[in-house]
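In what follows, a structure is listed as structure tokens, so that the remarks can point back to it.
All ligand and atom numbering here is 1-based and tracks the order in the structure.
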Amino acid sequence: MFRKILVANRAEIAIRIMRACRELGIATVAVHSSADRDAPHVRFAEEAVDIGQAAPRESYLNISNVIQAAKQTGAEAIHPGYGFLSENAEFAEAVAAAGLTFIGPPASAIRAMGDKAESKRTMRAAGVPTVPGAENLSGETEFIEAAERIGYPVLVKAAAGGGGKGMRVVRSAREMPEALESARRESQNAFGDDRLLLEKYIENAHHIEIQVFGDRHGHLVHLFERECSVQRRHQKIIEESPSPLLTPEIRERMGAAAVAAARAVGYFNAGTVEFIFDPRTADFYFLEMNTRLQVEHPVTEAVTGLDLAQWQIRVAAGEPFPYRQADLTQRGHAIECRLYAEDPAGGFLPSTGRILQFLEPRGPGIRVDSGIVTGSEVTRFYDPLLAKIIVYAEDRPAAIRRMRAALKETVLHGVTSNLDFLQAILARPEFAEGKIHTRWVETEFDWQPPEPPLEALLAAVLAGSALENRNPKIEHSVEPDPFSPWKSGSGFRIG
Ligand code: MV4
């Protein structure tokens, strides 16, 4: 087993991985940019290395600085978390070339799943259901002929990337030229590659993904589904497991398809196979595979009882994964809400500033993975995800009640957040009825943020003045979080 792991990430996922290392008795090395010098994840680790300036390309995306930090501190393995370098095949190869272990899938699997056209061909060959469509089309005429064969509406997609960039819905031949031109331009700007593919557009689809897990000895299982349809502009907001839409039969078929997809690329470690699901026909289609641990992994941990981050580390060290498919069960119901520093009243633009007060919800069946504490500075350099609130209960209605109570108990002053937005979605009958599809927030959720109550403004002012006037001798007494990484004593830094 590794003695020391470098976590090449920041904020909540860095702390989450460090917790897994701590339980396994593994020392941790944090890396941080100059802007994150005082960030909670830095204090949480035994050692810390400054890897560069605030801009991600100067620090968290800088392959040589990250690997140099691992060598300098004697770390034997690197966990990439999600985002940043987590799906960068060159990084995975550079880590191995440096004689270190990349805690994740083979670089070949990252590469195979990185190209949407190639991954679709591989999936079709593996018998995984893919959306009817065509790849390798060149001129406008070919796209229009293919669209006539498929049947409108069709979707033009970027072959080089996911996440909705370079994606255009086309409802008639007349719309095709402009759609192709704008999709090519956006894809070229986002991915440096303007190749496009065409698919039948599944209207008001649900986004359901299957967690897969494999070890280096050929064992591959699925850990059931996550329903991720509550999204806004391809940013997930609320995720849950099980999905209210899946029957045991569909779950079985979708899980088998996900395992087949992973096996087709020789996968091991944690991965997620994304599908779109059409509730009208109960058909599902492969979208893409995410070759990393995802933000929403805690809902799977809750319903399976597994610690996925620990198992990632253990199988990366060569341990066999001991559970076969028949050993795994999905029990109870889990929901995750993502708390973002963004302003719903201001077009969901990111909000920055100092956290004047952050009180996390507690109680039975509540987990909070957060990257901030009272006093943290939220900057413009990084993803605005502040924390994830995850609840677990015996069934979906109980989980919804628990999440609504947890959100009501959450206190956040200093930056604007989507807390009220989350509450409003949880309160909607469409959520309780499981009717929220991937376009619902943008097309059907007419919501206006409430005026901030006077006492909230007063609390913020008082909290702010307490922070500004705090006496170092009583600094820790204002800290509401007994688990705060600020409490840990031994943190020291290198570099
Ligand atoms: C689709 C689709 C419907 N039909 N493909 C979104 C980004 C990437 N993950 C692929 N995505 C989709 N592909 C076909 N053929 C629906 C989505 C989709 C989506 C589309 C528009 C707006 C929001 C969306 C959220 C999730 C999935």
State, without any angle test, whether Glu240 and His333 hold a side-chain donor-acceptor pair at a distance under 3.5 Å.
yes
State, without any angle test, whether Tyr60 and Asp36 hold a side-chain donor-acceptor pair at a distance under 3.5 Å.
yes
Under 4.0 Å from a heavy atom of Gly164: which atoms of ligand 1 are those, numbered in the order shown and with their elements?
7 (C)
Heavy-atom contact check, 4.0 Å cutoff: does Met167 meet ligand 1?
yes
Show me which atoms of ligand 1 lie under 4.0 Å from any heavy atom of Glu199.
5 (N), 14 (C), 15 (N)
Per-atom contacts, ligand 1 versus Glu274 - under 4.0 Å to a heavy atom:
9 (N)
With nothing but distance in play, are any N or O atoms of Ile202 less than 3.5 Å from an N or O of ligand 1?
yes
Heavy-atom proximity to atom 22 (C) of ligand 1 ranks first, among His234, Lys236, Lys165, for His234
Six-ring centre of Phe348, Arg232 cation under 6.0 angstrom, axis tolerance 45°:
yes
Main-chain N/O of Arg233 paired with Glu442 side-chain donor or acceptor, under 3.5 Å
yes
Is the cationic atom of Arg396 (NZ for Lys, CZ for Arg) positioned less than 6.0 Å from the six-membered ring centroid of Phe431 and within 45 degrees of its normal?
yes
Distance under 4.0 Å to a non-hydrogen atom of Gln231: what atoms of ligand 1 satisfy this?
25 (C), 26 (C)
Determine, for Glu186 against Arg168, whether the closest basic-nitrogen to carboxylate-oxygen distance falls under 4.0 angstrom.
yes
Are a donor atom and an acceptor atom from the side chains of Glu274 and Asn290 found within less than 3.5 Å of each other?
yes
Can you name the atoms of ligand 1, numbered from 1 with element, that are less than 4.0 Å from a heavy atom of Glu288?
8 (C), 9 (N)
With a heavy-atom distance limit of 4.0 Å, tell me whether Lys200 approaches ligand 1 through its side chain, its backbone, both, or neither.
backbone
What I want to check is whether the side chains of Arg404 and Gln423 have a donor and an acceptor closer together than 3.5 Å.
no
Which is it for Leu287 and ligand 1 at heavy atoms under 4.0 Å: side chain, backbone, both or neither?
side chain
Side chains of Phe358 and Val411 in contact at under 4.5 Å (non-hydrogen atoms)
no
Heavy-atom nearest neighbour in the protein, as seen from atom 1 (C) of ligand 1, with distance rounded to 0.1 Å
Leu155 CD2, 3.4 Å
Just distances here: any N/O of Lys157 and N/O of ligand 1 closer than 3.5 Å?
yes
Provide the number and element of each atom of ligand 1 under 4.0 Å from a heavy atom of Ile276.
1 (C), 2 (C), 3 (C), 4 (N), 5 (N), 14 (C), 16 (C)
Any donor-acceptor pair under 3.5 Å linking the side chain of Ser241 with the backbone of Glu225?
yes
The atoms of ligand 1 lying under 4.0 Å from a heavy atom of Val131, numbered in the order shown, are 15 (N)
Protein heavy-atom partner closest to atom 27 (C) of ligand 1 - residue, atom, separation in Å:
Thr438 CG2, 4.1 Å
